[in-house]
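Structure first, commentary second.
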Amino acid sequence: MLREPGYPGERVHGLRRAGAVTRFFLDLRVPGGALRLAGSATGTGAVVTAFAAPVTGPFTPPSPRQSGGKDPGVT
């Protein structure tokens, strides 16, 4: 699903499925950028939240504090 739009595998993190919901993180940092996404998807829709990230270094999922106290990507 996420690789079809062309996201390289090393940019997809935390991919997990629970019932009909798939949760994921995308590292969209490119030179000079700081974007990462947390999302969830079903067969009929998706919810995605954007977060800032350090421009360099390893990818880390957003913390619950950064996502308003809930698990990012959970709808």
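It should be emphasised that the depicted structure is a prediction, and the values quoted were computed from it without experimental measurement.
- Proximity of a side-chain donor or acceptor of Arg29 to a complementary backbone N or O of Gly57 within less than 3.5 Å is detected.
- Using a 4.5 Å heavy-atom cutoff, the side chains of Val12 and Leu26 are in contact.
- Here the CZ-CZ distance, from Arg16 to Phe25, works out to 6.0 Å after rounding to the nearest 0.5 Å.
- Counting only distance, with no hydrogens or angles, the side chain of Arg36 and the backbone of Pro54 share no donor-acceptor pair below 3.5 Å.
- Placement of Leu35 and Val48 within a single hydrophobic cluster is found when ILVMFWY residues are connected by side-chain heavy-atom separations under 4.5 Å, directly or transitively.
- Listed here is the closest heavy atom pair of Ala38 and Phe51: CB-CE1, 3.7 Å.
- The aromatic rings of His13 and Phe59 sit parallel, their planes meeting at an angle under 30°, below the 60° perpendicular limit.
- Across Arg11 and Asp27, no two heavy atoms sit closer than the pair CD-O, 2.7 Å.
- Val55 and Gly33 make their closest contact through CG2-O, 3.4 Å (heavy atoms, listed as atom of the first residue, atom of the second, distance).
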